[in-house]
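Working notes for the structure below.
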Amino acid sequence: MCRSLSIIALAKGNYMTQLLSETYLDYSDILIRPKMGINLNSRKDVNLQRVFKFKHGQTRTGLGVFNANMATVGNFVVAKKLLARGMFATIHKHYTPDEIGAFFESCHKEDISIDNLFISIGLKNTDAEIQKLKDLESKYNWKSPRNICIDAPNFYIQKALDVLERVRTEFPDSVIMAGNIASGDICLKLLDYADIIKCGIGSGSACLTRKQTGCGTPMVSLILECADIAHSVNGHICADGGIVDIGDICKALCLNADFVMAGGMFAGTDEAEGDIIEKHYETNEIVDGAPVIQTKQFKAYYGMSSEYANNKFAGGMSNYKTSEGRELLIPYTGALDKILQDITGGIASCCTYIGAASVKHMAKCATIIQVHNQLNRVFEKYSV
Ligand code: 5GP
């Protein structure tokens with residue numbers, strides 16, 4: 001999508017604020033138009049596995065779907081289920097090397113490959129984070145293939161670039177995913193050291209960044225912009241945040257995202273952190289003179305920049321910060337396996353609608369249309 005630039009002059013000294021007048025689109029603004037392509041008779045004929053050849057030399061194979069590296073869904077149980085299904089997985093940055101070592105062991109016993117597992121680190125205490133990775137290497141035989149996710153809500157700071165460069169120097173043969181960013185201009189710089197750029201700021205379901213800072217970029221336009229730049233130098237991108245329906249994962253892949261990361265989609269499952277919380281509601285129905293009580297089940301989901309997460313992991317909110325994450329109670333959705341199966345089923349079906357024999361070909365085969373109304377929601381409130 002080419003950018004038409006109209007610049008409104010708000011001249012102040014030598015600076016001018018730029019207004020990009022083209023509308024940036026989100027998943028809900030588009031649909032994938034079905035079309036006749038190669039003859040695919042069944043969803044089971046679609047190849048969901050893709051071979052990724054990364055910029056810094058490594059190769060991995062899998063379906064490019066990740067769980068978010070958040071405390072709630074970036075846990076061992078969720079990660080293991082995604083890995084077992086041939087997907088990719090992250091674990092959050094608050095696990096110790098001993099805990100991660102025990103996780104490696106349990107995967108090994110169940111014959112689950114950890115080749116597609118990404119270990120997350122943050123920007124704070126870089127020495128300690130590097131040491132944690134070195135401990136994994138020395139004590140738990142964490143050797144190639146190994147993958148690292150450098151996680152920062154905002155990668156537009158020099159510190160983030162410095163940490164990325166240092167991690168690449170210390171772990172030259174790792175696959176490194178770095179982010180988050182929300183514009184194409186920074187992609188080339190990151191790809192000097194990273195293999196995958198994590199794109200998306202403000203789209204997350206537990207995110208308050210757009211409300212608190214006004215910053216962010218809608219996902220569809222962002223994916224198009226970043227994929228175009230990253231692919232020109234053999235880099236890859238991961239579209240992170242804003243997945244509401246499985247169709248949005250299909251859309252991201254059709255737009256040329258190599259990977260898609262989701263948090264909220266997995267957060268209501270048995271495998272996500274925390275217990276099921278029950279709430280009781282009085283209904284309008286009266287039986288024997290008393291209102292019928294309905295019970296609904298929920299799970300807690302919180303952003304990693306929420307006050308709750310800051311209290312839990314960082315000893316409280318610093319006084320120069322505002323909370324950029326929500327704390328939510330979201331509907332309980334049952335077993336993660338059911339959602340994972342719906343994801344593979346949804347992607348395979350999308351491929352048959354557009355005539356793509358494999359996930360790798362989705363972007364080539366897709367025609368994207370901009371729409372005003374993507375879903376018929378008339379009976380939604382009657383869902384059982
Ligand atoms: P979801 O799939 O729930 O829409 O989005 C998940 C993504 O939201 C995560 O991978 C991460 O990039 C982002 N995220 C997680 N916690 C926070 C937070 O507290 N604030 C913001 N701004 N983004 C968050």
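When reading the values below, keep in mind they use all heavy atoms of this one structure, side chains included, and skip hydrogens, waters and symmetry mates. Whatever order the structure lists them in is the order used to number ligands and atoms, beginning at 1. Numbers here are sequence positions counted from 1.
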Hey, are Glu327 and Ser306 close enough side-chain-wise for a donor-acceptor pair under 3.5 Å? no

Which atoms of ligand 1 are found less than 4.0 Å from any heavy atom of Ser306? 19 (O)

Report the hydrophobic cluster partners of Phe298, with the cluster defined as I, L, V, M, F, W, Y residues connected by side-chain heavy atoms closer than 4.5 angstrom, directly or transitively. Ile277, Tyr281, Leu329

Any nitrogen or oxygen of Gly264, main chain or side chain, under 3.5 Å from a nitrogen or oxygen of ligand 1? yes

Taking every heavy atom of Ser205 against every heavy atom of Gly264, the minimum-distance pair comes out as OG-CA, 3.8 Å

According to the interplanar angle, ranging from 0 to 90°, do the rings of Phe118 and Phe66 count as parallel (below 30°), tilted (30 to 60°) or perpendicular (above 60°)? perpendicular

Minimum heavy-atom distance between Glu110 and Lys80, given as atom pair plus value: OE2-NZ, 2.7 Å

Does Glu225 offer a backbone N or O that forms a donor-acceptor pair with the side chain of Asp228 under 3.5 Å? no

Under 4.0 Å from a heavy atom of Ser305: give me the atoms of ligand 1 that qualify, with their elements. 18 (C), 19 (O), 20 (N)

Residue, atom name and distance, where the atom is the protein heavy atom closest to atom 21 (C) of ligand 1: Cys207 SG, 3.4 Å

Report the nearest protein non-hydrogen atom to atom 12 (O) of ligand 1: residue, atom name, distance rounded to 0.1 Å. Asp240 OD2, 2.5 Å

What protein heavy atom sits nearest atom 16 (N) of ligand 1, and how far off is it? Met304 N, 2.9 Å

Tested for side-chain contact (heavy atoms from CB on, under 4.5 Å) against Ile121, the lone hit among Leu133, Asn69, Ile130, Asp151 is Leu133

Check whether any side-chain N or O of Asp195 sits under 3.5 Å from a backbone N or O of Phe54 as a donor-acceptor pair, and report yes or no. no

Among non-hydrogen protein atoms, atom 15 (C) of ligand 1 lies closest to Met70 CE, 3.4 Å

Going by the order shown, which atoms of ligand 1 are within less than 4.0 Å of some heavy atom of Ala262? 2 (O)

Check for me whether Glu324 has a heavy atom closer than 4.0 Å to any atom of ligand 1. yes

Under 3.5 Å, N or O to N or O, is Gly242 touching ligand 1 that way? yes

Close approach, Tyr302 and ligand 1, non-hydrogen under 4.0 angstrom: no

Just jot down the ligand 1 atoms closer than 4.0 angstrom to any heavy atom of Asn180, in number order. 12 (O)

Return the minimal non-hydrogen interatomic distance between Ser349 and Arg43, and the atom names on each side. OG-CZ, 3.7 Å

of all protein heavy atoms, closest to atom 3 (O) of ligand 1 is Ser205 OG, 2.6 Å

Taking side chain to side chain contact (heavy atoms under 4.5 Å, CB included) as the definition, give me every residue that meets it alongside Ser232, ordered by chain and number, with sequence neighbours left out. none

Is Asp337 salt-bridged to Arg85, going by a charged N under 4.0 Å from an acidic O? yes

Take every heavy atom of Pro153, measure it against each atom of ligand 1, and state whether any distance is under 4.0 Å. no

Which ligand 1 atoms does Gly241 reach within 4.0 Å, using its non-hydrogen atoms? 4 (O), 5 (O)

Heavy atom of protein inside 4.0 Å of atom 18 (C) of ligand 1, strictly below: yes

Would you find more than 12 non-hydrogen atoms of other residues, nucleotides or ligands less than 6.0 Å from Arg60 atom CZ? yes

Options Gly263, Gly202, Ala71, ranked by nearest heavy atom to atom 6 (C) of ligand 1, top entry: Gly263

contact_flag Gly200 ligand 1 heavy-atom lt 4.0 Å: no

Residue that, paired with Met87, satisfies side-chain contact (heavy atoms from CB on, under 4.5 Å) out of Leu48, Asn67, Asn116, Thr344: Thr344

Closest protein heavy atom (residue, atom, distance) for atom 8 (O) of ligand 1: Gly204 CA, 3.7 Å

Is there a polar contact, in the sense of an N or O pair closer than 3.5 Å, between Asn69 and ligand 1? no

Which ligand 1 atoms, with their elements, are less than 4.0 angstrom from a heavy-atom of Met261? 10 (O)

What atoms in ligand 1 come closer than 4.0 Å to a heavy atom of Thr209? 21 (C), 22 (N)

